[in-house]
Structure formats: C-alpha cells, structure tokens
Amino acid sequence: MPETRLLAPDAPGLTEACALLRAGGLVSMPTETVYGLAGDATNDRAVAGIFEAKGRPRFNPLIAHFADRSRVEDFAVLTPLARRLADAFWPGPMTLVLPLKGGLSPLVTAGLETVAVRLPAHPVARALLAEFGGPLAAPSANPSGRISPVTAAHVLDGLSGRIDAVIDGGACAVGLESTILDATGEVPVLLRAGGLSVEAVEALGLTVAAHDGSKITAPGQLASHYAPRGRVRLDVTAPEPGEVWVGFGPCPGAALTLSEAGDTTEAAARLFHALHEADALAGPGGRIAFAPVPETGLGRAVKDRLRRAAAPR
Ligand code: AMP
Ligand code: MG
C-alpha cells in the first residue's frame, strides 16, 4: 500500500476518491457522526480490505451507506416502520437494520439476512456517494477497538499507510456514531445508542424497545471498545493526583471539558476529541477520569462509549 493521500473535499478530490473506490481501494470520508472507512459494498476484495486495514473481526457486520432512499430499495426492504423513521431522520445519524434483498458483498452483512443502512447528512459524504453511485460500506476509520476518529488527523494517526486516502472535511459535527435501530419488525429495537436520541424517536409516538442481547455480538457492543492507552475512571467528582480530569458542567481544575455548560449534545460532539486529547496528555499507562454525565438525550450514547472506554481489557 502506498502512502495515504490527503484529499481536499472539492470536485477534483471527490473524483480522485471515486476512482480509488472503483478500483477497490479504501477511502476515509467525513460524515456528521465520525470519519468512515469507505469501500465498494458490492466488491468482496474492497470489503475484505476494510476488515484487514482495521484489524476488525470478520463476524462484525458493516453499515452500508447510500446517497438516496430509492437506491436503498435495490438492496434492502424498507418496512413500514423503516419508512416512518426514514421520513423523520434521514439523512442523519440513524442506521436502520433492514431485511436484505441481496447484491451486497456477504462480508458486509457477515452472512446475515439483514443489512444495516444509513443515509449520511454530511455534504461531502453525500457528494461522494452520489458520484460513486453505489453503496459504500463504512465502519469508523480507526484500528478496531480504538477511539473513533472525528478529524482527518485522527484517521491518519491510526491508519496511515494502511488505506489509500482520506478526504479532509474538518471536524465531525455530531461526533459520535449513529444510533442503530432494528426496523425489521413493528417496533424499533435499539441496538446501539448514538447521535440520534431515543427521546427524538419516541417523539414520533413510537416506543423504543431495548435489545435483549441475544442477537449478534459486535465490537461496538463489546465491553471494551473506544479504548485509550491509559486507564479510565468514570463519575469522578474528585480526581486523584496525576489523573487527567475531563469535566462536564462546572469542574474547576479539569484539564479538559466535554461541555462547560453541561450540555449533552455538546458533550457528544466533544467526546472523541476529548478522549484523543486526554490519551495524549496521560500517555501510555496514564490515568484519565471523567466527571459524571447524565443519561438523557445524547448523554446516553456518551455514557455508553465511556463505559466501554473504561472497561477492563
Ligand atoms: P460500526 O461500523 O463500527 O459503526 O458498527 C456497525 C455496527 O452495526 C456493528 O457493530 C453492528 O452492531 C451493527 N450492525 C451492522 N449490521 C447489522 C445487522 N445486519 N444486524 C444487526 N446489527 C448490525
Ligand atoms: Mg467503530
């Protein structure tokens, strides 16, 4: 693999990215959630390359990204529930698990009869998907198990020399992975908390069911994930000497903050920046402490990621 190229998010950059993707290459693209590592979702070799570059276990399926809804229906069934959710939240930070029709590399779905689908809202991702024309499989552009990237520099830190290019679209606005809902049945089932709040889904008059844990296991659902090199403690109001303290709300003396104002949406947008920065400050074997974050709105997803970052490895 040659050196990873940094592409501008303009017309020549997107044309170059498309040429690489058509040749089965791997390109990291900015989305509103986190940077994705994109490859042609219909090309086995490209999809295998994604798993290889990330060191991701093969049993963990990928999200297929589309430019528009009509293309989704070439590959998956939009159930009545999915239509309702898509009307409200696509394009945006919501992934729907849908019955698979076919046409994708079986590596994308890990051989399942369902497929996870998303229409991202980021203008650069949308432009790339429109120009490419087909679905792009794209997990987060980080080595498996590590902190998700929310800038092009984070992508290069983790995957430089292992992928063909990264399109620099600046920092990700939501800053946290998509909310994954199983929409194969009549009730949405929450598979992963993320950038769309459960409250927003329930405001449609739907009840969101909890995942019973009996379905597939995937790194995003594993106890240890999003791990910095240092040890992480949660719900810390009085940090120990030597700990890098990351605040939420008023936390005098904190090295960093998720949101000085105590806003969970801002905390989501800051979370992976703060984890990368705290990791750099603490160093290998260092210690990081997070102030309490309430589990309302996007705070639920923030807490989910922090628990995995803190889990024993
Ligand atoms: P990532 O690409 O790392 O953001 O993670 C994608 C996640 O989507 C995986 O970890 C799975 O939890 C979930 N996923 C993908 N495809 C399916 C599927 N067919 N059924 C259930 N969950 C899925
Ligand atoms: Mg990931």
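Reckoned from all heavy atoms, side chains included, excluding hydrogens, waters and symmetry mates. Note that the structure is predicted; figures quoted are calculated from it, not measured. Counting convention: from 1, in listed order, for ligands and their atoms alike.
- Panel note: side chain Trp245, backbone Val236; a donor-acceptor pair is recorded below 3.5 Å.
- Using 4.0 Å as the threshold, Thr109 has no heavy atom nearer than that to any atom of ligand 1.
- Within ligand 1, counting atoms from 1 as listed, the ones closer than 4.0 Å to a heavy atom of Leu191 are 21 (C), 22 (N).
- With waters left out, the protein N, O or S atoms under 2.8 Å from the Mg ion (ligand 2) add up to 1.
- Judged by distance alone, the side chains of Ser178 and Arg192 do bring a donor and an acceptor atom under 3.5 Å apart.
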Less than 3.5 Å apart, which donor and acceptor atoms pair up between the side chains of residues 25-35 and the rest of the protein, not counting sequence neighbours?
from: Ser28; atom 1: OG; to: Gly36; atom 2: O; distance (Å): 3.0
from: Thr31; atom 1: OG1; to: Thr33; atom 2: N; distance (Å): 3.1
from: Thr31; atom 1: OG1; to: Thr33; atom 2: OG1; distance (Å): 2.9
from: Thr31; atom 1: OG1; to: Val34; atom 2: N; distance (Å): 3.4
from: Thr31; atom 1: OG1; to: Val34; atom 2: O; distance (Å): 2.8
from: Thr31; atom 1: OG1; to: Arg118; atom 2: NH2; distance (Å): 3.2
from: Glu32; atom 1: OE1; to: Ala121; atom 2: N; distance (Å): 3.1
from: Glu32; atom 1: OE1; to: His122; atom 2: N; distance (Å): 3.2
from: Glu32; atom 1: OE2; to: Arg118; atom 2: NH1; distance (Å): 2.8
from: Glu32; atom 1: OE2; to: Ala121; atom 2: N; distance (Å): 2.9
from: Thr33; atom 1: OG1; to: Arg118; atom 2: NH2; distance (Å): 3.3
from: Tyr35; atom 1: OH; to: Gly169; atom 2: N; distance (Å): 3.0
from: Tyr35; atom 1: OH; to: Gly170; atom 2: N; distance (Å): 3.2
from: Tyr35; atom 1: OH; to: Gly170; atom 2: O; distance (Å): 2.7

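- Between Arg58 and Glu52 no salt bridge is recorded (no basic side-chain N to carboxylate O distance below 4.0 Å).
- Under 4.0 angstrom from ligand 1, the non-hydrogen atoms of Arg56 all belong to its side chain.
- Counting only residues at least two apart or in different chains, salt bridge (charged side-chain N to carboxylate O under 4.0 Å, His left out) contacts with residues 266-281 comprise Arg229-Asp279, Arg270-Glu277.
- Below 4.0 Å from some heavy atom of Asn60 lie the following atoms of ligand 1, by number and element: 9 (C), 10 (O), 11 (C).
- Between Ser140 and ligand 1, no N or O atom pair is found at a separation short of 3.5 Å.
- The stretch residues 71-105 participates, sequence neighbours left out, in these ring pair (Phe, Tyr, Trp, His ring centres under 6.0 Å) pairs: Phe66-Phe75.
- Those atoms of ligand 1 with a heavy atom of Pro139 less than 4.0 angstrom away are 2 (O).
- Short contacts between ligand 1 and Ile180, defined as distances under 4.0 Å to a heavy atom of the residue, involve ligand atoms 7 (C), 8 (O), 13 (C).
- Short contacts between ligand 1 and Thr114, defined as distances under 4.0 Å to a heavy atom of the residue, involve ligand atoms 18 (C), 19 (N), 20 (N).
- At a threshold of 4.5 Å between non-hydrogen side-chain atoms, the residues Ile288 and Val246 count as touching.
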Worked verdict on Ile163 versus Leu37 for side-chain contact (heavy atoms from CB on, under 4.5 Å): CA-CA 8 Å; Ile163 63 176; Leu37 179 56; 3.6 Å; yes
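- Between the side chains of Thr265 and Asp263, no donor N or O sits under 3.5 Å from an acceptor N or O.
- For ligand 1, the atoms sitting less than 4.0 Å from at least one non-hydrogen atom of Arg192 are 1 (P), 4 (O), 5 (O), numbered in the order shown with element in parentheses.
- Remark: ligand 1 and Glu177 share no N or O pair separated by less than 3.5 Å (distance only, no angle test).
- A pairwise comparison of heavy atoms in Leu98 and Ala183 identifies CD2-CB, 4.1 Å as the closest pair.
- Side-chain contact check for Glu131 and Thr15: at least one donor-acceptor pair (N or O, by modelled atom type) lies under 3.5 Å.
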